Amino acid sequence: QFPRQCVTPEGLQSGTCCPSPTGLPNDECGSSTGRGQCVSITADRRPHGPQYPHDGRDDRERWPLRFFNRTCQCNGNFSGFNCGRCRHSLTGPNCDQRVTVVRRNVMQMSADEKRAFVDALDQAKRTVHPDLVICTRRYQEIFGPDGASVQFENITIYNYFVWTHYYSVSKTYMGPGQQSFGGVDFSHEGPGFVTWHRYHLLQLERDIYFKECIGCSFPCKYSDWALGLSSFKKHAKSIIKEVHMTHTLYVKFSEEKQVNFTLLTSALQCTETNPIRRNPAGNVARPMVQRLPEPQDVIDCLELNTFDTPPYYSTSSQSFRNTVEGYSAPQGNYDPVVRSLHNLAHLFLNGTGGQTHLSPNDPIFVLLHTFTDAIFDEWLQRHTAAGTEVYPEENAPIGHNREFNMVPFWPPIRNAEMFVAAPDNLGYTYEVQWPTRAYTISEIITIAIVAVVLVVAVVGGVIGCAVRARSYRSAEGLEPLLGEQFRRYSEDERHASQSVV
Ligand SMILES: O=C(O)c1cc2cc(O)c(O)cc2[nH]1
Ligand SMILES: [Cu+2]
């Protein structure tokens, strides 16, 4: 989560992480070429919700101040931990060329395209992250006994994707012999769910194409998990087939053993032991999660106009966020036994993909979350007036306030920065055919009545005209012509006027 250059004992003691993109002296954050400068980090101070009552205990509070308090602030179109990259949607040596990538349905890709996608993920599983390393201890323990070493490790690009999710959901360590506190989640059960997972995917996309070049991209793919189980047999392009596609990946991944992180002691232990498990058909003991969401669920959820509602938690009702996350019914009403949309898609997998601390290990996570992000983006676009002010500024669960820096990303990035329509601001669009609402019975009846009335009116009008035209034509033979009438009238008038004179 921090740049390799910054995690030296001196770097951590100084609290400053402002590397140079060129490696030259006096060029922190590329300041010599005007790319950026080193500044103090601001972290959200607003109150968080009551779910987390242990302030002061967790390294992730007011992220990332426990580790660093100075970072690069990049100018103009530059971005990245050392201002050596471009902002999302820009590319080129001067970051002045716009790029937009299209995130497509994995089922509509050719076999070659699918293979390229799988290979890219597979390579990400084996390639060490070029910039970032992870801490394997709590802050208190990161300095070795000699003070000259620190506890950080290299990690591969895909495993970094797994680890960031794990770190964001892990429990708060409460001290030796004490049970960890589980009522904390920096990426789920709050408004930050959509913004956190959006950045998570963007970061994977960028890391896979870490050597930025014009025309290079690795757009995430999605799978439409809202096809519904009933559609499985009907749809040749069903999610089951796509599950098979990722099974290839699954085999490759399992050969290398999976990362399984467990917080057993104070240390963040990481062991690559378990294979990915996925067993949708074996969900028999859990009838509630034996189905997938239906297209109608997506339609209903997109019709919720309020982004989030107090308490901005997994108990919120009539909240678009809590509905797409899947803690309320698709129509928005909270029900503790309901699992819908995104959560239902996770739980349906019945295995690795259904457990928050492990789920990104299964690469289907990328497809699942890309579709979730597509729904979020569609909501943002349908609610174009939804500026960041509709995102709660305070009293959301810890980590979820609008200005909170999302844990554990580096450089610091606030929830608000991801609450923007992707095509204009983040350089990607979705190719999705959104389902449309079927008419209700009463609407069908209304439409039928209106149609009948219209037909009657039109037919009546036509008949009326025809009758009138006919009677007019038949009267033509009896009545004098207008010219004649006029002539006779004029003659009468002339006689009258002559008699007056
Ligand atoms: O129980 C749930 O609703 C549930 C499981 C699960 C796993 C996961 O990785 C998520 O991101 C969410 C989630 N919800
Ligand atoms: Cu998820």
Side-chain angles (χ1 to χ4, degrees), residues 51 158-159 161-171 182-204 220-226 239 246 250 258-263 274 276-280 282-283 285-293 297-298 301 313-316 319-330 334-377 397 399-400 406-408 418:
Q51 302 84 3
Y158 195 87
N159 285 351
F161 181 71
V162 177
W163 183 85
T164 45
H165 195 264
Y166 160 73
Y167 191 82
S168 75
V169 301
S170 57
K171 296 178 179 179
V184 61
D185 189 325
F186 287 80
S187 56
H188 303 82
E189 299 184 59
F193 165 73
V194 282
T195 46
W196 192 97
H197 285 86
R198 165 168 281 199
Y199 189 75
H200 192 220
L201 291 172
L202 267 175
Q203 173 215 253
L204 178 71
C220 286
K221 309 290 181 263
Y222 70 87
S223 82
D224 180 348
W225 38 249
I239 197 167
T246 51
Y250 156 63
Q258 291 314 297
V259 180
N260 177 15
F261 299 97
T262 42
L263 192 58
N274 296 342
I276 291 169
R277 285 191 308 106
R278 208 194 270 164
N279 185 19
N283 245 339
R286 304 184 68 188
M288 289 295 286
V289 296
Q290 251 184 302
R291 56 179 279 272
L292 274 168
D297 300 345
V298 175
C301 141
Y313 191 44
S314 48
T315 50
S316 292
S319 146
F320 162 75
R321 187 276 313 161
N322 204 35
T323 307
V324 71
E325 186 169 2
Y327 287 106
S328 41
Y334 169 67
D335 179 342
V337 299
V338 160
R339 284 295 187 275
S340 69
L341 295 152
H342 149 269
N343 279 342
L344 182 54
H346 269 292
L347 296 177
F348 174 79
L349 295 173
N350 192 26
T352 310
Q355 298 161 273
T356 43
H357 63 296
L358 293 175
S359 55
N361 274 298
D362 184 337
I364 204 170
F365 180 100
V366 176
L367 306 173
L368 190 164
H369 266 281
T370 303
F371 190 62
T372 309
D373 185 68
I375 299 175
F376 171 41
D377 207 57
H400 293 258
M406 293 182 277
V407 174
M418 288 292 115

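Counting convention: from 1, in listed order, for ligands and their atoms alike. Everything numeric in this text was worked out from a predicted model, so none of it was measured.
- No side-chain donor-acceptor contact under 3.5 Å links Q203 to the backbone of F161.
- The H188 neighbourhood of ligand 1 comprises atoms 10 (C), 11 (O), 12 (C), with distances under 4.0 Å to a heavy atom of that residue.
- The single protein non-hydrogen atom nearest to atom 5 (C) of ligand 1 is G354 O, 3.3 Å, given as residue, atom name and distance.
- For atom 14 (N) of ligand 1, the closest heavy atom belonging to the protein is N343 OD1, 2.8 Å.
- By heavy-atom distance, the residue among V338, L347, D185 lying nearest atom 1 (O) of ligand 1 is L347.
- For the pair H342 and ligand 1, a heavy-atom separation below 4.0 Å is found.
- Using modelled atom types and a 3.5 Å distance limit, the side chains of S187 and H165 yield no donor-acceptor pair.
- Between the side chain of Y166 and the backbone N or O of P360, no donor-acceptor pair lies under 3.5 Å.
- A pairwise comparison of heavy atoms in C301 and T323 identifies CB-CG2, 3.8 Å as the closest pair.
- Here the angle centred on the Cu ion (ligand 2), running from NE2 of H346 over to NE2 of H342, is 90°, rounded to 10°.
- Annotation: the span from H346 atom NE2 to T372 atom OG1 amounts to 6.5 Å, rounded to 0.5 Å.
- Selection from D362, L368, T356, N361 by nearest heavy atom to atom 7 (C) of ligand 1 gives T356.
- Polar contact check, S359 against ligand 1: a nitrogen or oxygen pair lies under 3.5 Å apart.
- With hydrogens and angles ignored, the 3.5 Å screen pairs a side-chain donor or acceptor of H400 with a backbone N or O of H188.
- Closest heavy-atom approach to atom 2 (C) of ligand 1 within the set Q355, R339, H197: this belongs to R339.
- Residue contact annotation: H197 places no N/O/S atom under 2.8 Å from the Cu ion (ligand 2).
- Taking all atoms of both residues into account, the shortest heavy-atom contact from G399 to F186 is CA-CD2, 3.7 Å.
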